[in-house]
Novice: 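Structure below; questions to follow.
First the proteins, then the strands, lettered A, B, ... as listed; each starts at 1.
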Amino acid sequence: MKKLTDILEERVSQAIKEVCGQAYPAMVRAAADGRFGDYQANGVMAAAKAVKSNPRQLAERVVAAMEIADLCEPPEVAGPGFINLRLKDSFLAERLLGMHRDAARLGIDKAETPKTVVVDYSGPNIAKEMHVGHLRSTIIGDCIARLYEYAGHTVIRQNHIGDWGTQFGKVILALWHICMAENLHKTEKPYYDLNLPDDQNATVFFNQIVNRHQNDWCADSKFVEGDGELYFRPFLDEFSLRSKTLWPVLLKAYQYVNLLDEAFKGMKRTIKTREKIENGQFVYKEISYESLSRYITYMLQQGGQDNEQERKAWSCVKEITMQHCAEIYKLLNATLEHPRDTRGESDYNDKLPQIVIDLKARGLATESDGAICVFPEGFKNKEGDPLPFIIQKSDGAFLYATTDLAALRYRLHGIEYQGQNYQADRVIYVTDARQALHFQMLFATAKLAGWVKDGVVLEHVTFGTMLGEDGRPFKTRTGGTVKLKDLLDEAIERATAVVEKKNPDLPAEQKVNIAKAVGVGAVKYADYANNRNSDYVFSFDKMLAMEGNTAPYMQYAYARIKSIERKATGKDVDIEKELAGIASMTLAEPAEKDLAKLLVRYDQAIAAAMAECRPNYLTGYLYDVAQAFSRFYTTCPVLTADPESRPARLLLCDLTARTIRHGMSELLGIEVVEQM
RNA sequence: GCGCUCGUAGCUCAGCUGGAUAGAGCAACGGAUUUCUAAUCCGUAGGUCGCAGGUUCGAAUCCUGCCGGGCGUGCCA
C-alpha cells in the first residue's frame, strides 16, 4: 500500500496547486492534538506567504478545491491556516484490512529504486573481548541495516574489525607463551597465571622470565635453531580444534605480554631472534626485548613464506576472536554473524601504498614534517593553519586514515559480495561521535580524489557515550571496562529473578528463554529508545522496569495479546474465521479508534526512523502503540465482546501483535515472547 | 583559540525537513482488579525549554552572542 501520509500529501498538494497555480508542499503531519483531527496540513501558510495572500482565506479555498471525501471527513480550517483532516471510518478500516491482508510486510511497500547501502558497524578488535564500547555501534548499526533491508535495498554489512596493528606482535607472543607453557613447563604454573611480584623483586622475576623465554625459543627447534617446528607449528596446526577453550587463556596471556612490555621499558635486556635472508640461510641477531613484539609485527606485515608462522598465528587469533564475537552477536541478535560481513583492516593492507601513490600523483597529498598529508579545505588546527589528514607517518607506516580510504574506495568502486559486484550508493559509518572530524576529513578526501559519484551519500551516524549512574563513562567498580558478555549476563540474571517472581509456574526451559529475551531486549531497547546523539545513563533498574518505555513493557503487551489468542478456543471464538469474515468495521470506542489510528502510522514511523537513522523514532512509535493497546485492553473486552464488535477487536489485537512483533523482532532484533 | 555536540518537570529522557495549550516514565499524591496476564490502567500535581537578542503569521526547533557540561583539534584507533 502506498504510504498513508503520502496519499494525503498528494491530495492536499494537488488542491494547493490548483488554487495557487503553482506547487507547494502540503506538509501533512500527524495532528499534534487529537482534538484537531488525525492529520494536519501545515503547508498552506507557507504557500500563502509565497503567493502573498491571506493564509486563512487561502486555506478555505484549498479546502474547497480538495478532492478528499473518499478518505476524510470534510476538512476544517483552524488557527492561522491549518487544515485539519479526520480519517473516514471507512478509509481507516480499508487501511487496517490492507495491513491485515499483507501478512509479511504489514502493507508497507518496498522502495521503488533499490540502492546499494553499505553499513559499517561494530568493529571489534582482535584478541580482545567485546566491551560496552561496542554495544551502541553494533546494535544501532544493526537496526539501520535491518531498516534498509526491509525497505528493499541491498544492504552490505561491513564489520571493519581491527585486525592489523602494532599490537599483533604481542598477541602472537601470547600465543607462543601458551604453547611453551603447555609443552615445556607442564608441571609449573604458567607465568600468565601468576601474580606479579611487587617492585622489590620485580627485576629478578622479569629477568627469569626473559631467560626462560630465550631458552624456550632455543628449545623449540627441529631443523635450525628457533624454527618453531617442534612445538609452535604443531600447536598452530591443531589450534582450530581447541580454539574455544584457548580463548580465555589467550586473553590472560595477552595481558601478561602487555605487562612484560611495560616492565621492560628501559631495562636494556636483549634477546636473540632470527631472520631469513636471500640465499635461504638464517642470520641471528640480538634485539632489545622491549622491541620484540614490534619486531614480530614487522615480520608479520612483511608477509611472504618466510614469516608463515607469524601469519598462521595471526589468523588463528583472528579466528578465535571472531568466534567470540559471533557468540555475542548471536546473543544480541545482531545480523553480523556471517563471515562475508567481516572485512577488516588487514583486507586492505596491500592496497595502502597505492592509495598514497595515487593521492600524491594527483597532487592531493603532500609531504609535511615528514608525513604524507592531504589538506582538505575548511579544516583548521589550533594555530589556524590547514589541518592535515595524515595518510602516511614520517616513519613510513600507514594509519587508520589510509585503511579507511582504501576501504571507502573499495566500497565505492567495487564490492565483491556473494559472488556479485556492487558499488555503494550510500555508505553509513556507525561509530561514536568522537570520530566525527576523522570522517569529515575522510569524506572530503574521497571527494577530492573524485571517487564519489553524484548522488552517492557518505554518512557518519554518530552516537554518544554510555554513562554509569554517577554520570561518568560506564566502568566497573574498579574502573575497568565492562565486558559486553558480563553486562548481558547480568541483565539476563536480573530478568530471571523477575520471571521467577512473576510467573514461577512456567516450564523451566521457557523461563530461560523469557529471561534471555527480556534481559537482552531491555539492554538493547534502552539504547535504542534514547536519541543516539546524546550520552545516556545506563541503569539496569530502569531498563528492566516494567513501566515506561522499556522492552519488558512492549513484550508484556505482546504476551497479553497472545494470551487472548490462546484462550479464544476455550470461549468458542474462532479467530481465523472471524478475521476472515471482516468486510467493514465500526470502531465505536475511543480506545479502539485511537489504537487503530496509531496502527496505520507504522509506515510513517519506519520512514522517519530510516531517514535519520534514528531507532528511537521507532521505539517511540511502538511504545505509543503498546500504550494505546493497554488502554484498549482495559476498556474493551475482546473475547466476551458482542458478535458485532468482536471481529474488529480481534483485528486490532492481531495487528497490534504483528506490528509489535515486526518492529521489535525484525527491525530492532529484540525477541518477543508468547508468555511472560 | 577553533570545531562538533549537549543543556527541556526533582530524576532519566522524548519532542520526526519551524506549527496550535511542550510530552512520557520514575519519584509524590489519589483511584481502579468476581471478567482475556495489575509486569496494567485512570486521575492530580510538577516547566522562565541554559541566558539574551534576531528572523517568522508562528521558535524547544533556524541565525547571532553569551553561560555551563562532554568530546575533538598533525603522525593512536
Side-chain angles (χ1 to χ4, degrees), chain A residues 25 27 29-33 35-36 40 42 45-46 48-49 55 78-82 123 125 162 165-166 345 368-373 379-385 387-395 397 399-401 403-404 431-438 440 462 464-465 467 469 471 473 498-499 501-503 518 529-531 533-537 539 541-542 545-550 552-553 555-557 559-568 570-571 573 604-605 607-609 611-612 614 616-617 619-621 623-624 627 630-631 633-635 637-640 653 675-676:
Chain A
M27 303 215 291
R29 306 275 182 276
D33 189 316
R35 283 171 298 181
F36 302 140
Q40 58 186 63
N42 302 334
M45 290 169 285
K49 195 180 166 189
F82 297 103
N125 290 311
T166 46
E345 291 168 356
S368 168
D369 290 343
I372 310 297
C373 310
F379 298 93
K380 298 224 173 353
N381 68 9
K382 287 173 197 158
E383 285 75 40
D385 299 327
L387 189 67
F389 190 56
I390 301 176
I391 58 173
Q392 188 170 20
K393 300 204 292 185
S394 48
D395 65 2
L399 5 69
Y400 77 126
T403 313
D404 276 353
T431 78
D432 67 289
R434 287 177 305 202
Q435 297 186 48
L437 183 61
H438 167 73
Q440 278 177 30
T462 59
T465 314
L467 306 174
E469 292 191 67
V498 180
V499 175
K501 188 175 153 208
K502 298 283 183 186
N503 226 336
V518 171
N530 277 281
N531 181 330
N533 274 333
S534 38
D535 298 346
Y536 83 97
V537 176
S539 159
D541 290 334
K542 286 204 171 113
M546 308 304 154
E547 308 86 22
N549 190 5
T550 64
Y553 180 90
Q555 288 161 327
Y556 179 62
R560 283 171 125 185
I561 300 173
K562 291 291 140 180
S563 181
I564 292 177
E565 290 175 7
R566 278 195 303 277
K567 298 237 157 117
K571 305 217 172 184
V573 178
Q604 169 61 25
E612 294 191 44
R614 288 185 190 276
N616 69 310
Y617 289 173
T619 57
Y621 168 80
Y623 180 53
D624 287 343
Q627 265 189 319
S630 290
R631 286 187 202 112
Y633 183 89
T634 43
T635 51
V638 178
L639 296 177
T640 54
C653 285
Q675 278 175 279
M676 67 184 283

Novice: When you compare the ring of A:F82 with the six-membered ring of B:rA20's base, are the centres less than 5.5 Å apart and the planes under 30° from each other?
Specialist: yes

Novice: Considering only atom C1', compute the distance from B:rC76 to B:rA59 and round it to an integer number of Å.
Specialist: 43 Å

Novice: Describe the nucleic acid contact of A:A78 in one word from base, sugar-phosphate, nothing, applying a heavy-atom distance below 4.0 Å.
Specialist: base

Novice: With a 4.5 Å heavy-atom cut-off, do A:L387 and A:L437 have their side chains touching?
Specialist: yes

Novice: Roughly, in whole Å, what's the span from CD1 in A:I561 to P in B:rA39?
Specialist: 16 Å

Novice: Contact between A:T465 and A:D432 at the side-chain level, heavy atoms closer than 4.5 Å - yes or no?
Specialist: no

Novice: Report the nucleotide, chosen from B:rA20, B:rU40, B:rU37, that has the shortest atom-to-atom distance to any side-chain atom of A:F36.
Specialist: B:rA20

Novice: Is there side-chain contact between A:S368 and A:P388, with heavy atoms separated by less than 4.5 Å?
Specialist: no

Novice: Hey, are the side chains of A:T431 and A:H438 touching, using non-hydrogen atoms and a 4.5 Å cut-off?
Specialist: no

Novice: Indicate, with a heavy-atom threshold strictly under 4.0 Å, whether A:F389 touches base, sugar-phosphate, or nothing.
Specialist: nothing

Novice: With rounding to the closest Å, how many angstrom separate the P atoms on B:rC63 and B:rG18?
Specialist: 11 Å

Novice: Quantified in whole Å, what is the P atom distance between nucleotide B:rC13 and nucleotide B:rC67?
Specialist: 25 Å

Novice: Taking A:N503 for its side chain and A:M676 for its backbone only, find out whether a donor-acceptor pair lies under 3.5 Å.
Specialist: yes

Novice: State, to 0.1 Å, how close A:N42 and A:R29 come at their nearest heavy-atom pair, and which atoms those are.
Specialist: ND2-CG, 3.9 Å

Novice: Could you state the CG-P distance from A:N549 to B:rU40, rounded to the nearest angstrom?
Specialist: 13 Å

Novice: Using the P atom as the point on both nucleotides, what is the distance between B:rU48 and B:rA9, in whole Å?
Specialist: 9 Å

Novice: So what does A:R29 touch, heavy atoms closer than 4.0 Å: a base, only the sugar-phosphate, or nothing?
Specialist: base

Novice: Go through B:rU37, B:rC16, B:rU40 for me and flag the one nearest to the A:Q604 side chain.
Specialist: B:rC16

Novice: If we only count heavy atoms from C-beta on, is the A:N616 to A:N530 side-chain gap below 4.5 Å?
Specialist: no

Novice: Dot-bracket for RNA chain B: what is it, with Watson-Crick or G-U pairs under 3.5 Å, [ ] where a pair crosses earlier ones, and | for a pair to another strand?
Specialist: (((((((..((((.....[...)))).(((((.......))))).....(((((..]....))))))))))))....

Novice: Please write out each protein N/O paired with an N/O of nucleotides 8-14 of chain B under 3.5 Å, distance rounded to 0.1 Å.
Specialist:
| unit_1 | atom_1 | unit_2 | atom_2 | d |
| --- | --- | --- | --- | --- |
| B:rC13 | OP1 | A:V537 | N | 3.0 |
| B:rC13 | O3' | A:N530 | OD1 | 3.1 |
| B:rA14 | OP1 | A:N531 | N | 2.6 |
| B:rA14 | OP1 | A:N531 | O | 3.4 |
| B:rA14 | OP1 | A:S534 | OG | 2.8 |
| B:rA14 | O3' | A:N616 | ND2 | 3.2 |

Novice: Quick check: do A:L467 and A:Y536 have side-chain heavy atoms less than 4.5 Å from each other?
Specialist: no

Novice: Across the strands shown, which category fits A:Q40 at heavy-atom distances under 4.0 angstrom: base, sugar-phosphate, nothing?
Specialist: base

Novice: CG of A:D33 versus C1' of B:rG19: gap in Å, rounded?
Specialist: 13 Å

Novice: Does the A:S534 side chain pair with the main chain of A:N531, one donor and one acceptor, at a distance under 3.5 Å?
Specialist: yes

Novice: If we ignore hydrogens and angles and just use 3.5 Å, is the side chain of A:Q40 paired with the main-chain N or O of A:F82 as donor and acceptor?
Specialist: no

Novice: Determine the interatomic distance between P on B:rC41 and the same-named atom on B:rU64; round to the nearest Å.
Specialist: 43 Å

Novice: Write down the atom of A:C653, the atom of A:V638, and the distance for their closest heavy-atom approach.
Specialist: SG-CG2, 3.8 Å

Novice: Could you check how far OH of A:Y623 sits from C1' of B:rG15, rounded to whole Å?
Specialist: 15 Å

Novice: Using the side-chain heavy atoms of A:T634, tell me which of these nucleotides is nearest: B:rA24, B:rU40, B:rA39.
Specialist: B:rU40

Novice: Would you measure the distance from the C1' atom in B:rG19 across to the matching atom in B:rU35 and give it in whole Å?
Specialist: 44 Å

Novice: Using a 4.0 Å heavy-atom cut-off to protein, can you give one letter per nucleotide of nucleotides 71-77 of chain B, 5' to 3': B if the base is in contact, S if only the sugar-phosphate is, - if neither?
Specialist: SSBBBSB

Novice: Whole Å only: how far is the CG atom of A:D541 from the P atom of B:rA39?
Specialist: 18 Å

Novice: Tell me the interatomic distance from A:R560, atom CZ, to B:rU37, atom P, rounded to whole angstroms.
Specialist: 9 Å

Novice: Compare all side-chain heavy atoms of A:N533 with those of A:R614 and state whether any distance is below 4.5 angstrom.
Specialist: yes

Novice: Provide, to the nearest angstrom, the distance between the CD atom belonging to A:Q627 and the C1' atom belonging to B:rC26.
Specialist: 14 Å

Novice: Mind checking the C1' distance from B:rG23 to B:rU61? Whole angstroms is fine.
Specialist: 15 Å

Novice: What integer number of Å spans the C1' atoms of B:rU12 and B:rG72?
Specialist: 27 Å

Novice: Is it true that the side chains of A:Y556 and A:S630 contain a donor and an acceptor less than 3.5 Å apart?
Specialist: no

Novice: What is the separation between atom NZ on A:K49 and atom P on B:rU55, rounded to the nearest whole Å?
Specialist: 12 Å

